[in-house]
Every structure is written in structure tokens, then in C-alpha cells.
Amino acid sequence: MPPKKGRDQPSDDTVTLTDAYEMEMPEEISRIYKIAKELNSKSPLEAFSEVAGVRLVGPFEVLNGNLESDADLFMQWRYKYDPPEVMTVLTDSSTNRPKTHYCYLRDSEKTLPQYVVKGDQNEYTFTIEGSSLLSLLARLSKEGSVQQTFCETAMKELSLPSEKKADLKKLSKRREKEQLASGFSKLGIVVPYDKKTEVGYRELGFEDGELKSLFKKELSGKIGKKAREELDDLFRFVDIANDECDFGHGLEVGLDLFCFAQPGSSLIKEATRILDIAYLLLNRKLFRKTIKKHFEFFGNPKSPPVYVHRT
């Protein structure tokens, strides 16, 4: 007989997801899906729709049999402004075309998600909504509901902290201490960095407003000679930073470009090139794979605002 699973051993569902996504997945997904089946055996993905206003998607669709493991899992429910570091796990259940979505955030495919963040279809900025999905679902659920009780019980069993709205500021401050820069998306830039040698990251040399203005000029097609030189220098400095092992510099430039990478523009070409190299140098192979597929899909001006694979 196979050995019984201990408290610290992953469940069969977690092993299934880890194999399917080729990266470690948090145990709470399995626990949430189990709760969802108990609450709504016919439609588990809708178990939190009425009391929390969200639908379970992404890895929950895999567990529910709605999404084959050979589909583009990294692309499922990926929006135009979603960088590879985020993966959608919840969407707004009030509409069939949700704009609001909640994602796991992880800085590397080799680590578990550190935060849950909220994004919008039409915005490139994200906000931190919790350190775990169970905590978020408990907070979103109606006070005293069965869903909230189940989530709070599961949180205690998994030793996850309970977080109220007021705790989110603390999480945001914690994130600020972890990151080397915030980037346009406010998700943060986190890469290996040696404080003594200062190798791993260097600042861009632009204020956010200056860089955004530069990108907007390029997109408008009315960029002047001076602005053109500044833009060319920005791209050239990325190559120099890479040569000197400051890989975080290129990652930040690439992710800032990502926010302005419109189909057919030169910015999408540069964003593709710079991020491809950044993820290669940082050994983030799955993120590299994701960014290629992302631009292949959203680089088409006729593409819908979100990628959804239907069975």
C-alpha cells in the first residue's frame, strides 16, 4: 500500500497541477476546490459567485476537467496587460466578459506565489489583495456565510494568516522592501542582487513620467530627434547592463515597455526582444515561454482582450 500523505505532503490534486504547469503550485488550490465541490457539486467553479462575486478559473478549471493539461495553461485567462509573473485564478462572476481578475504573483517560476493581486482589463497597474487566495476569498465572502467559514477553517489548517482590508497596506509595504523597483505595473522588480558589489540591477536613469512620455511619443509616430536618441540609448543601455550582469535592468525596461506594447508598434518588437533575453539570463524559462505566446496572441490587433481556451 502507498504511504499515507502527511500534513506537509502535497495532495494528489496539487501534484497534478504542479506537473501540468511545470512549477510548484500552492496546496490551498486543492483545498479551495474541495470546498467548492462540497458547496456546489454540480458547478464547483461557481461556488463563490453569489457570496463573493468571483468565479474560480485557471488551475480550478484543470481540476474540474474543463481544461486539458495539454492546453496553453499559462495563457488561460491571460489579459493584455498581464505579465508572465501573474496567473489568473479568479474572475468577476457578474458578467460573461469579466474585466476584473485576481492573480497569483510570483517573481520566479521556482517559487510559490507570494501574493494575490487584482488587475483590470484596461489598466496595466495591479494592486495587492492578499498573501493567499483563501484569505482573499474569506474577505470577499459575505460575513457569516458558509463559504467564509470553510475558508477560515482551511486557513487555520494550512497555517495561513487571516487578512482584513486594513492589513493590505502592510503587505504593500512588505512588497516594497522586497523589490528593487516597482515598475509601471506596481508589481515590482525582484532579481538576485548583491548589495556589496551592486551587481544584478541598476536604475534606469529616467523618472516614470519621463519614460511614459517617451513611449507615448513613439506610439504617436511624432517622436523628435532628441526623444529618438533617448529611446535608442535606453535600448542600448539594456545590452550594456546585460553584459555587466545587471539583468534586473533589462527586466524592468522590458516590463515597462510591456505596458505600452501596442500591436504593430516598434515597442512591441523591443519588448519581445528585451524580455526574451531577460528571462533567458535570469533562467526563468517558463516566463520566457509565456511572453512569447503572449505577444503572438496579443500582437494581433484583432485579438480579443483576454485569452480563454474553451473545451
In Å, rounded to the nearest 0.5 Å, how long is the span from [atom1] of [X] to [atom2] of [Y]?
X: Q147; Y: I35; atom1: CD; atom2: CD1; result: 9.5 Å
X: L90; Y: L133; atom1: CG; atom2: CG; result: 4.5 Å
X: S182; Y: D208; atom1: OG; atom2: CG; result: 6.0 Å
X: D92; Y: Q121; atom1: CG; atom2: CD; result: 11.5 Å
X: Y115; Y: S135; atom1: OH; atom2: OG; result: 13.0 Å
X: E296; Y: S303; atom1: CD; atom2: OG; result: 12.0 Å

For a quick test of reading the model, state the closest non-hydrogen atom pair linking [X] to [Y] and the distance between them.
X: H101; Y: C103; value: CD2-SG, 3.4 Å
X: P59; Y: L17; value: O-CD2, 3.6 Å
X: F126; Y: D82; value: CZ-OD1, 3.4 Å
X: A138; Y: C151; value: CB-CB, 4.0 Å
X: Y79; Y: W77; value: CD1-O, 3.5 Å
X: R273; Y: D239; value: NH1-OD1, 3.4 Å

### Pairwise salt bridge (Lys or Arg N to Asp or Glu O under 4.0 Å) hits with a residue in residues 36-58, at least two apart
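Non-adjacent pairs meeting salt bridge (Lys or Arg N to Asp or Glu O under 4.0 Å): E46-R55.
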Side-chain contact, heavy-atom cut-off 4.5 Å: [X] with [Y]?
X: L187; Y: P83; result: yes
X: F48; Y: L140; result: no
X: L105; Y: R175; result: yes
X: L136; Y: K118; result: no
X: D13; Y: I29; result: no
X: D107; Y: Q114; result: yes

Would you say the side-chain atoms of [X] pair up with the backbone N or O of [Y], donor to acceptor, closer than 3.5 Å?
X: R106; Y: M87; answer: no
X: T111; Y: S108; answer: yes
X: S213; Y: E210; answer: no
X: R284; Y: E109; answer: no
X: E61; Y: V57; answer: no
X: D120; Y: T100; answer: no
X: D72; Y: F74; answer: no
X: S185; Y: T125; answer: no

Taking side-chain hydrogen bond (donor to acceptor under 3.5 Å, both in side chains) as the definition, give me every residue that meets it alongside [X], ordered by chain and number, with sequence neighbours left out.
X: R288; value: D276
X: H249; value: none
X: S145; value: none
X: E28; value: Y104

Supply the members, apart from [X], of the Ile/Leu/Val/Met/Phe/Trp/Tyr cluster built from side-chain contacts under 4.5 Å; use none for a lone residue.
X: F237; result: I240
X: F235; result: Y81, Y124, F184, L204, F206, L211, L214, F215, L219, I223, L231, L234, V238, V253, L257, F260, L267, I274
X: L112; result: none
X: L251; result: L180, I189, V191, Y193, Y201, F247, L255, F258, I268, L275, I277, Y279, L281, L282, F287, I291, F295

### Task
State yes or no: do I32 and L73 share one hydrophobic cluster built from I, L, V, M, F, W and Y residues joined by side-chain heavy-atom distances below 4.5 Å, directly or via other members?
yes
### Query
According to a 4.5 Å side-chain heavy-atom criterion applied to Ile, Leu, Val, Met, Phe, Trp and Tyr, with indirect links allowed, do L160 and I128 form part of one hydrophobic cluster?
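No.
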### Query
Under a 4.0 Å N-O cut-off, is there an ion pair linking R31 with E157?
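Result for this pair is yes, salt bridge flagged.
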### Message
Going by the rule salt bridge (charged side-chain N to carboxylate O under 4.0 Å, His left out), which residues pair with R78 if we only count those two or more places apart in sequence or in a different chain?
### Response
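By the salt bridge (charged side-chain N to carboxylate O under 4.0 Å, His left out) rule, R78 matches no residue at all.
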### Query
Got a sec, which residues hit salt bridge (charged side-chain N to carboxylate O under 4.0 Å, His left out) with R174, two or more places apart in sequence or on another chain?
E178
#### Entry: Stepwise salt bridge (Lys or Arg N to Asp or Glu O under 4.0 Å) test for R236 and D233
CA-CA 5 Å; R236 183 167 58 85; D233 283 344; 3.0 Å; yes
Could you tell me whether the side chains of [X] and [Y] share a donor-acceptor contact shorter than 3.5 Å?
X: Q76; Y: T88; value: no
X: K186; Y: Q179; value: no
X: S11; Y: T14; value: yes
X: E218; Y: S266; value: yes

Can you tell me if [atom1] on [X] sees more than 12 non-hydrogen neighbours from other groups inside 6.0 Å?
X: K269; atom1: NZ; result: no
X: R97; atom1: CZ; result: no
X: K212; atom1: NZ; result: yes

### Query
Can K173 and E176 be said to form a salt bridge (Lys or Arg N to Asp or Glu O under 4.0 Å), step by step?
CA-CA 5 Å; K173 289 182 178 180; E176 288 175 6; over 6 Å; no
### Task
Starting from the C-alpha separation in whole Å, work towards a yes-or-no answer on side-chain contact (heavy atoms from CB on, under 4.5 Å) for E252 and R202.
CA-CA 10 Å; E252 184 179 4; R202 67 180 64 175; over 6 Å; no
### Task
Not counting sequence neighbours, which residues clear side chain to side chain contact (heavy atoms under 4.5 Å, CB included) with P161? List them please.
S131, E163
### Message
Checking K285 against E22 for the salt bridge (Lys or Arg N to Asp or Glu O under 4.0 Å) test, could you report, in this order, the C-alpha distance in whole Å, the side-chain angles of both residues, the deciding distance, and whether it holds?
### Response
CA-CA 10 Å; K285 298 177 182 178; E22 300 178 65; over 6 Å; no
